Number of protein chains: 2
Amino acid sequence: MVKRTSFEGDGCPVARSLEAIGDWWTLLIIREAMLGLRRFGEFQSKLGMAKNILSARLRSMLDHGILAMVPASDGSAYQEYVLTPKGRGLFPILVALRQWSEEFDDTPEEIDTIMIDRAKGRPVKKLELHAEDGRLLSLADITLKPRSAPRRRSA
Amino acid sequence: MVKRTSFEGDGCPVARSLEAIGDWWTLLIIREAMLGLRRFGEFQSKLGMAKNILSARLRSMLDHGILAMVPASDGSAYQEYVLTPKGRGLFPILVALRQWSEEFDDTPEEIDTIMIDRAKGRPVKKLELHAEDGRLLSLADITLKPRSAPRRRSA
DNA sequence: CTTGTGTGGTTGCATCATAAAACCAATTGG
DNA sequence: CCAATTGGTTTTATGATGCAACCACACAAG
């Protein structure tokens with residue numbers, strides 16, 4: 001089996017997230033959903049992607065509980081795709097991706113939008129990771145610990 | 001050409017980041033690099049991936065300036081792969097992926113590690129997005145603005 | 001009720017990327 | 001110098017992607 005090496009059984013939470021949203025198009029669909037798109041045709045025309053791929057990704061996100069179908073909206077009998085709380089929880093990931101590009105992209109002049117605080121119209125600050133006591137943490141300040149090592153048979 | 005729809009020309013910074021690190025294995029390689037792995041064989045045996053794919057991903061990351069080759073380290077004539085500042089800048093993305101899994105995974109008991117503050121040995125807080133004035137921002141509090149639209153030089 | 005149009009998909013290929021294994025060169029070790 | 005390890009490349013098979021064509025349903029007009 002070649003199977004594209006599913007990360008389902010992996011205990012690494014990064015791998016587990018990638019299992020759900022690591023596809024090529026998934027995060028872009030979620031980005032558009034966060035900007036308010038809801039209909040199949042809206043995603044398809046905005047992203048310019050093949051309809052079968054869009055269909056497969058939407059179904060995968062439904063299965064993962066990232067999107068939900070709501071039976072109505074503007075009166076028509078069609079359905080719409082809306083983010084669940086789990087889907088909205090992806091927001092920091094999108095922000096992190098955006099800010100990495102803003103900070104390190106080789107041709108930042110090609111970036112066409114900036115994220116601003118709606119209330120003040122000012123750019124947002126960088127995402128920050130803090131300790132429980134409030135200290136700002138970077139890569140060098142953290143480490144990983146086994147969770148609680150329950151009886152984990154290597155079955 | 002089918003070409004997998006490269007996002008190179010896209011002005012969306014999320015797409016631009018995904019162009020560099022949206023591959024299946026790239027973020028896992030970076031995760032291991034952040035944990036201290038440096039050698040080809042270390043990545044290959046730790047991740048259990050095919051060597052040709054690892055080779056292609058490492059080269060891609062070198063091209064993108066995420067990794068660099070350093071000619072020595074422990075005295076041997078081999079080379080090692082180390083994160084550049086741009087590569088270390090991916091840290092918030094990894095944290096965001098991890099925290100999303102921790103918060104929303106359907107089977108969180110399978111997650112085998114937690115990220116802790118090295119100094120205190122306590123779990124870290126969630127990533128937070130703040131406005132310039134310090135207010136905590138969520139998805140509903142932000143919007144996107146065109147970067148520098150006014151200059152309408154007719155090409 | 002029949003035709004027409006737009007939405008929301010599915011189905012077939014052709015092509016590309018990925019995976020596993022075999023192979024190979026250079027390094028190191030004895 | 002011979003053998004094993006490291007660090008890959010090549011080969012081949014299969015799964016994923018992309019495009020276009022097709023199809024089902026809703027809705028509106030005649």
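Predicted, not measured: the structure shown is a model, and the values here were computed from it. Proteins get letters first, then strands, A, B, ... in listed order; numbering begins at 1 in each.
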Distance below 4.0 Å between B/S55 side-chain N/O and D/dG8 OP1 or OP2: no

Nearest-nucleotide comparison on DNA chain C, the residue closer to the 5′ end among A/N52 and A/L58: A/L58

Non-hydrogen side-chain atoms of B/H130 and A/K126 separated by less than 4.5 Å: no

Side-chain donor/acceptor of A/E102 to backbone N/O of A/P108, under 3.5 Å: no

d(CD, A/Q79; P, D/dC25) in whole Å: 14 Å

Atom pair distance, as rounded to whole Å: CZ in A/R38 and P in C/dG8: 12 Å

Pairs where residues 134-145 of chain A contributes a residue and the test salt bridge (charged side-chain N to carboxylate O under 4.0 Å, His left out) is met, not counting sequence neighbours: A/D133-A/R135, A/R135-B/D117

Within-4.5 Å side-chain heavy-atom neighbours: B/R38 and B/V70: yes

Nucleotide C/dG12, atom P - distance to CD1 of A/I53 in whole Å: 16 Å

Nearest-angstrom distance from the residue atom CD of A/Q44 to P of C/dT7: 11 Å

Nearest-angstrom distance from the residue atom CG of A/L54 to C1' of D/dA16: 16 Å

OP1 or OP2 of C/dG9 under 4.0 Å from side-chain N/O of A/R59: no

Heavy-atom side-chain contact between A/F104 and B/I66 under 4.5 Å: no

Rounded distance in Å - CG (A/D23) to P (D/dG15): 17 Å

Side-chain donor-acceptor contact under 3.5 Å, A/S138 with B/R88: no

Spacing between A/M49 atom CE and D/dA20 atom P, to the nearest angstrom: 15 Å

Touch class at under 4.0 angstrom, heavy-atom based, for B/Y81 against every strand present: sugar-phosphate

Proximity to the side chain of B/R39 - top-ranked nucleotide from D/dT6, C/dA20, C/dA17: D/dT6

Residue-phosphate contact under 4.0 Å: A/W25 side-chain N/O, D/dG18 OP1/OP2: yes

Length of the line joining A/L47:CG and D/dC19:P, which is rounded to integer Å: 13 Å

Side chains of B/L129 and A/F91 in contact at under 4.5 Å (non-hydrogen atoms): yes

Under 4.0 Å protein heavy-atom contact, by nucleotide of nucleotides 22-30 of chain C - B base, S sugar-phosphate only: -----BS--

